[in-house]
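Read the structure below first, then the notes.
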Amino acid sequence: MHGEYKVPGGKLVVVDVAVTDGLLRDVRVAGDFFLEPDEALLDINRALEGAPADTPAPQLAARIDAALPEGTVMFGFTSEAVGIAVRRAVARATDWTDYDWQLIHDGPQSPALHMALDEVLTAEVAAGRRPPTLRVWEWGSPAVVIGSFQSLRNEVDPEGAARHGMTVVRRISGGGAMFIEPGNTITYSLCVPDALVQGLSFADSYAYLDDWVLGALEGMGVRAWYQPLNDIATDAGKIAGAAQKRMVTGDGAVLHHVTMAYDIDAEKMLDVLRIGKEKLSDKGTKSAKKRVDPLRRQTGLPRPAVIEKMIETFRGRYGLAEGSVTPAELARAEELAATKFASAEWTARVP
């Protein structure tokens, strides 16, 4: 069995292992990381040898930590990263390059249709009728997108939303509210097979699926990292938030979508969203205005240039062919947009 795990912002860890009578055997760890002393690699292999094959990654990491000599330096990876690579090997996880990725980047669409396309395209990936897909959104109108489990009245000021012409929609994933203005927002979705994130915890899958965009930001001079659970941050503040939805139909698939702040009208946002002190308490700031630091200021690039550099980074790492929404997918999405995502019943399902 072969497993790989690219540490977000770090190095690649590769594990080859067999399972005999429910135990890990013939463990071989490799990668482009740095490790001192050299002999510590043998200690890592020996620590994993004979462990129960269903041992979670944190417990595998504990076995490694207990076996490493004092003063060991691990650079670009951690003992838990090795544990994750083992879990991915045993789960027979796939890799990004195992797939023919497709890009969808269409013209502006309504907020409700965007919500519906996420659901439809992910279901198509789960059913095996669509390849894994990167979809870059263009917004047809300003919107507030609330998480699947958020209270509508607690998150949105209806008078403020109406005053600024904001459509309120609810997505199928969890997480917090997103304030959307078409020229100020960059949003993308990844619709991926469940096999790509096998062996990863829910939390680890967030950083894993967005490692490419951290690379893209670095290429634009922005040093960014994942701030658990679902924020992409820099020294200047948060620049993006992610959310996920797991689909268990067919072979399973994961919807992972991210909204990035290219620019932001903080006064308008505060007039529309109800951002309370409790939400800010763990962010290290007293003002919602200071939570988001837009990409326009940090990159100095026009929005289309930022998007193009993101797409180029993805294509360079994993390959990416131009694609489109099929007529059948669009018809289904338009139906869902009308009957579900534009309905008052769905939007206020948590009043």
Side-chain angles (χ1 to χ4, degrees), residues 91 93-94 96 99 101-102 104 109-137 139 143-152 155 167-180 185-213 226 228-232 240-260 325 329-330 332-343 345-350:
T94 56
W96 293 87
Y99 300 103
W101 290 87
Q102 186 175 110
I104 294 175
Q109 292 159 323
S110 72
L113 185 59
H114 277 309
M115 303 303 109
L117 282 168
D118 264 359
E119 181 169 331
V120 169
L121 297 181
T122 308
E124 290 297 289
V125 171
R129 293 187 291 264
R130 157 168 288 280
T133 299
L134 167 65
R135 184 171 73 91
V136 180
W137 304 22
W139 291 89
V144 173
V145 183
I146 60 175
S148 181
F149 311 109
Q150 287 190 293
S151 163
L152 177 60
E155 299 298 326
T167 300
V168 181
V169 291
R170 184 185 295 275
R171 61 181 183 267
I172 60 174
S173 62
M178 297 296 181
F179 177 79
I180 306 296
T185 305
I186 297 173
T187 305
Y188 65 86
S189 299
L190 286 169
C191 305
V192 307
D194 185 66
L196 183 63
V197 296
Q198 283 297 307
L200 297 175
S201 69
F202 191 82
D204 287 334
S205 71
Y206 273 79
Y208 180 73
L209 290 176
D210 278 331
D211 184 62
W212 66 276
V213 85
Y226 232 91
L229 171 65
N230 63 331
D231 288 350
I232 298 175
Q244 284 186 8
K245 175 68 176 180
R246 306 295 174 103
M247 294 193 177
V248 297
T249 57
D251 291 329
V254 178
L255 167 65
H256 177 92
H257 44 199
V258 174
T259 293
M260 311 179 78
V325 178
E329 290 168 341
L330 182 57
R332 176 60 180 144
E334 288 175 338
E335 178 189 358
L336 265 183
T339 61
K340 179 178 179 178
F341 292 105
S343 72
E345 180 181 12
W346 169 258
T347 304
R349 80 181 190 112
V350 182

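The first residue of the sequence shown is numbered 1, and numbering continues consecutively from there. Computation of the quantities below employed the complete heavy-atom set of this structure, encompassing side-chain atoms and omitting hydrogens, waters and symmetry-equivalent molecules.
- When side chains are defined from C-beta on, L152 counts as touching V168, because their heavy atoms get closer than 4.5 Å.
- You'll find the side chain of L336 reaches within 4.5 Å of the side chain of V120, heavy atoms only.
- Looking at E155, its side chain never comes within 3.5 Å of a backbone N or O of I146 through a donor-acceptor pair.
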Inset, instruction - For side chain to side chain donor-acceptor pair (under 3.5 Å), just list the numbers for S173 and R171, CA-CA rounded to whole Å, side-chain angles, deciding distance to a tenth of an Å, and then say yes or no. - result: CA-CA 6 Å; S173 62; R171 61 181 183 267; 2.9 Å; yes
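- The shortest distance between side-chain heavy atoms of V325 and Q109 does not fall below 4.5 Å.
- For T94, the side chain to side chain contact (heavy atoms under 4.5 Å, CB included) test picks out D98, Y99, A195, L196, with sequence neighbours left out.
- Ring orientation note: the planes of W137 and W139 are tilted relative to one another, at an angle of 30° to 60°.
- When side chains are defined from C-beta on, N230 does not count as touching Q244, because their heavy atoms never get closer than 4.5 Å.
- Contact between G174 and A243 at its shortest, heavy atoms only, is O-CB, 3.4 Å.
- One distance of note links NE2 of H114 with OG1 of T187; it measures 7.5 Å at 0.5 Å rounding.
- Taking 4.5 Å as the limit, some side-chain heavy atom of Y226 sits within range of a side-chain heavy atom of I232.
- Side-chain contact check for M247 versus V125: every heavy-atom pair is 4.5 Å or farther apart.
- To the nearest 0.5 angstrom, R130 atom CZ is 10.0 Å from T122 atom OG1.
- Checked options Y206, W212, Y208; the residue passing with H256 is Y206 (criterion: ring-ring contact (aromatic ring centres under 6.0 Å, His included)).
- Salt bridge annotation for R332-E329: absent, with no cationic side-chain nitrogen under 4.0 angstrom from a carboxylate oxygen.
- Of the residues listed (I172, T347, L117), the one engaging F341 in a side-chain contact (heavy atoms from CB on, under 4.5 Å) is I172, and it is the only one.
- Here the closest heavy-atom approach between residue A116 and residue A337 is recorded as CB-N, 3.7 Å.
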Inset, instruction - Carefully, step by step, assess Q150 and V350 under the rule side-chain contact (heavy atoms from CB on, under 4.5 Å). - result: CA-CA 6 Å; Q150 287 190 293; V350 182; over 6 Å; no
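- V144 and A177 get closest at one heavy-atom pair: CG1-CB, 4.5 Å.
- Scanning for ring-ring contact (aromatic ring centres under 6.0 Å, His included) contacts around F149 gives an empty result, with sequence neighbours left out.
- To the nearest 0.5 Å, atom CG of residue D194 and atom OG1 of residue T249 are 10.5 Å apart.
- Test K340, K245, R170 against E119 for salt bridge (charged side-chain N to carboxylate O under 4.0 Å, His left out) and you get one pass: K340.
- Counting only heavy atoms from C-beta outward, the side chains of D210 and Y188 approach each other to under 4.5 Å.
- Rounding to the nearest 0.5 Å gives a distance of 3.5 Å between CG of D118 and OG of S189.
- A distance of 5.0 Å separates OG1 of T133 from CD1 of I104, quoted to the nearest 0.5 Å.
- Here the shortest heavy-atom pairing between G199 and A91 reads N-CB, 4.2 Å.
- From L255, atom CG reaches atom CZ of R246 across 10.5 Å, with rounding to the nearest 0.5 Å.
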